[in-house]
A.B. asks: 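My questions will all concern the structure given below.
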Amino acid sequence: MTEPHTTDISDDGWLEAVGSDDDTNAGQRAVDRVLSRRASALADGREGGPAGAREQAGYDGEQLDREERSALRRVQGLSTELEDITEVEYRQLRLERVVLAAIWTEGTLEDAENSLRELAALAETAGSEVLAGVLQRRQRPDPGTYLGSGKAAELRDIVVAEGADTVVCDTELAPSQRRALEDVVKVKVIDRTALILDIFAQHAKSKEGKAQVELAQLQYLLPRLRGWGESMSRQAGGQAAGGQGMGSRGPGETKIELDRRRINSRIAKLRRELTAMKTHRDTRRNARQSHQLPAVVIAGYTNAGKSTLLNRLTHAGVLVDNQLFATLDTTVRRAETPDGREYTLTDTVGFVRQLPHELVEAFRSTLEECADADLVLHVVDGSHPDPEGQISAVRGVLADVDAADVKEVIVVNKADVADPEVVERILRHERYAIAVSARTGEGVPELRQLVAEELPQPDIEVDVLIPYGRGDLVSRIHEEAEILIEEHRAEGTHVQAKVMGDLAAELTPFAVQAHAG
């Protein structure tokens, strides 16, 4: 058996290259060394095994989506990709055996390794087998091949030794960089953005979610169109020019121009559809606001436990899985404070470092739920190696959707497995913070009480006698107000309560003084 391929740390070489020619053990060593998160997940039962399923059964619902998602698996070794990767126009992403490549340009080595681990988790979520990872120290990425010609050649040797068919780079590559790197390594090269888009395409279920993902994919694809040899340079005239016939004869358009026009037309159509969907979403939001229902939004890094927390608070039955971006579609549920006031609780799409700009724009209508909320529960994975980095990444996206000014409570999740010193450090540095475990229920009662204290409080005291024919007002008082006294009289229902301004205005004609007069 040959020795693993390993290169020591140096300023001008690989910081780390993990791999081996042994087909049996190479992948496992690579995954165990820097990349895999599966072992720890299986150990504590969060992977959906029997132990995890038993613990989650009480609040995670039947989890039917889990069975549906696992009913279809990718099969390795069936790829029909052309060996000449230079003749590829566009292919759906089908990951099988991958090598990761990253450049460390700033920050610490630990930050760079955490980013590489996250890239490995993304690749595994997309259905691939991670064989090795390489990390290079450079002041800036090479404008030609991202890694530089020498290191690109070394990467090709690692790809050959591992038997990989894909290289995944931990950044968004320029079209020219991707083509140049493919020419050197002779296998498919994708970047972090394409990987995330592929995961979103797999996990989107609702009509709006699918439209948002398709829009992001087309925006990403448009500047990256490639041709089969010279086919994209072909010109078409007459009826071949898009079937236009007379009036279009002559040199015509090249095929790549036709494809760009079709993509632009599809992008315009998707934007119109999403605008219409946003109108429906705004209508539903305005209906909730008209009833003065406070809105609480759960936001945070992907896989921080947002869906688990939603299930714990509302028994929503949303899919829970130890994957990045396991749930994409927005879920809105009603919840109650300990004193009986109702509010809406919304689960949003998870964030990640270097979240593609195309996705932020496509999901803007969904993320705007955060900007319109009364309170944001910012869920942080307390067991993550860099929770503060997660907090910064999420706040950056919230600022992009104008939600930076909404009151925020840091919810440090997974406190049952997190380092107590790390949890204490976050609680000490953040102004509003609480530690919970959505899996075990630890700290959840305190979180409910904290939400009740932070939500807008009814502050106008009323004393009214409501006729029995206006049961709708009594119902609203029960939903929105803090009831002090309630009694039933012959003339109607006598209520003393603290209410919000709009409800107080509607109750004015039924004030006890006015009724007595």
Side-chain angles (χ1 to χ4, degrees), residues 35 74 79 81-82 85-103 115-134 141-142 145-147 152 155 159 164-204 209-227 259-260 263 266-267 270 302 323-326 328 349-363 393:
L35 307 174
R74 297 187 180 189
S79 174
E81 298 287 355
L82 294 175
I85 54 89
T86 62
E87 294 187 351
V88 176
E89 173 184 350
Y90 178 72
R91 294 157 294 186
Q92 183 180 1
L93 187 58
R94 296 189 299 279
L95 296 180
E96 290 185 353
R97 297 165 60 84
V98 305
V99 171
L100 311 179
I103 287 179
S115 182
L116 193 63
R117 290 188 183 97
E118 182 175 275
L119 184 67
L122 288 168
E124 289 177 351
T125 301
S128 68
E129 177 186 359
V130 179
L131 302 177
V134 294
D142 182 75
T145 59
Y146 176 63
L147 298 171
L155 177 62
V159 167
D165 58 17
T166 304
V167 170
V168 184
C169 295
D170 191 23
T171 188
E172 181 170 329
L173 299 177
S176 59
Q177 286 177 315
R178 185 172 66 88
R179 286 194 298 267
L181 191 56
E182 279 187 343
D183 291 341
V184 176
V185 299
K186 301 301 181 183
V187 297
K188 178 175 55 180
V189 174
I190 63 169
D191 56 19
R192 184 186 182 94
T193 300
L195 183 58
I196 295 176
L197 289 174
D198 182 71
I199 296 172
F200 271 58
Q202 292 181 53
H203 292 177
K210 291 178 180 179
Q212 289 168 327
V213 172
E214 184 182 356
L215 175 60
Q217 286 178 318
L218 291 176
Q219 289 175 325
Y220 174 80
L221 170 64
L222 189 59
R224 292 170 172 81
L225 283 178
R226 298 181 60 185
D259 285 355
R260 283 179 180 150
I263 291 175
R266 180 61 180 166
I267 288 175
L270 287 170
T302 181
Q323 285 187 340
L324 306 188
F325 303 113
L328 299 180
V349 63
F351 304 143
V352 72
R353 288 183 182 87
Q354 303 177 47
L355 187 65
H357 177 73
E358 294 89 352
L359 283 175
V360 175
E361 289 301 315
F363 280 78

A.B. asks: Could you grab the distance from atom OG1 of Thr302 to atom CG of Leu122, nearest 0.5 Å is fine?
C.D. replies: 8.0 Å

A.B. asks: Could you walk me through whether Thr171 and Tyr146 satisfy the side-chain contact (heavy atoms from CB on, under 4.5 Å) test, starting with their C-alpha distance in whole Å, then the side-chain angles of each, then the deciding distance to 0.1 Å, before giving a yes or no?
C.D. replies: CA-CA 10 Å; Thr171 188; Tyr146 176 63; 3.3 Å; yes

A.B. asks: What's the separation between atom SG in Cys169 and atom CD1 in Ile103, rounded to the nearest 0.5 Å?
C.D. replies: 8.0 Å

A.B. asks: Just one of Thr145, Val187, Val99 clears the side chain to side chain contact (heavy atoms under 4.5 Å, CB included) bar with Leu155, so which one?
C.D. replies: Val99

A.B. asks: Applying side-chain contact (heavy atoms from CB on, under 4.5 Å) to Ser128 and Val168, what does each step give before you reach the verdict?
C.D. replies: CA-CA 11 Å; Ser128 68; Val168 184; over 6 Å; no

A.B. asks: Find the distance between CD1 (Ile199) and OG1 (Thr125) and round it off to the nearest 0.5 Å.
C.D. replies: 5.0 Å

A.B. asks: Between atom CD of Gln219 and atom CG of Leu197, what is the distance when rounded to the nearest 0.5 Å?
C.D. replies: 9.5 Å

A.B. asks: Side chain to side chain contact (heavy atoms under 4.5 Å, CB included) with Ala393: which residues, sequence neighbours excluded?
C.D. replies: Tyr301, Arg353

A.B. asks: Can you list everything that forms a salt bridge (charged side-chain N to carboxylate O under 4.0 Å, His left out) with Arg266? Sequence neighbours excluded, please.
C.D. replies: Glu214

A.B. asks: Which one of Val130, Val159, Thr166, Leu131 satisfies the side chain to side chain contact (heavy atoms under 4.5 Å, CB included) criterion with Arg97?
C.D. replies: Leu131

A.B. asks: Please report the interatomic distance CD(Gln217) to CD1(Ile263), rounded to the nearest 0.5 Å.
C.D. replies: 11.5 Å

A.B. asks: Checking Glu172 side chain against Asp191 main chain: does a donor-acceptor pair fall under 3.5 Å?
C.D. replies: no

A.B. asks: According to side-chain hydrogen bond (donor to acceptor under 3.5 Å, both in side chains), who are the partners of Asp170, at least two apart in sequence or on a separate chain?
C.D. replies: Ser115, Arg192

A.B. asks: Looking only at heavy atoms, what is the nearest atom pair of Pro223 and Pro175, with distance?
C.D. replies: O-CG, 3.6 Å

A.B. asks: Rounded to the nearest 0.5 Å, what separation is found between the CD1 atom of Ile190 and the CZ atom of Arg178?
C.D. replies: 9.5 Å

A.B. asks: For Leu147 versus Ala152, what's the shortest heavy-atom pair and its separation?
C.D. replies: CB-N, 4.2 Å

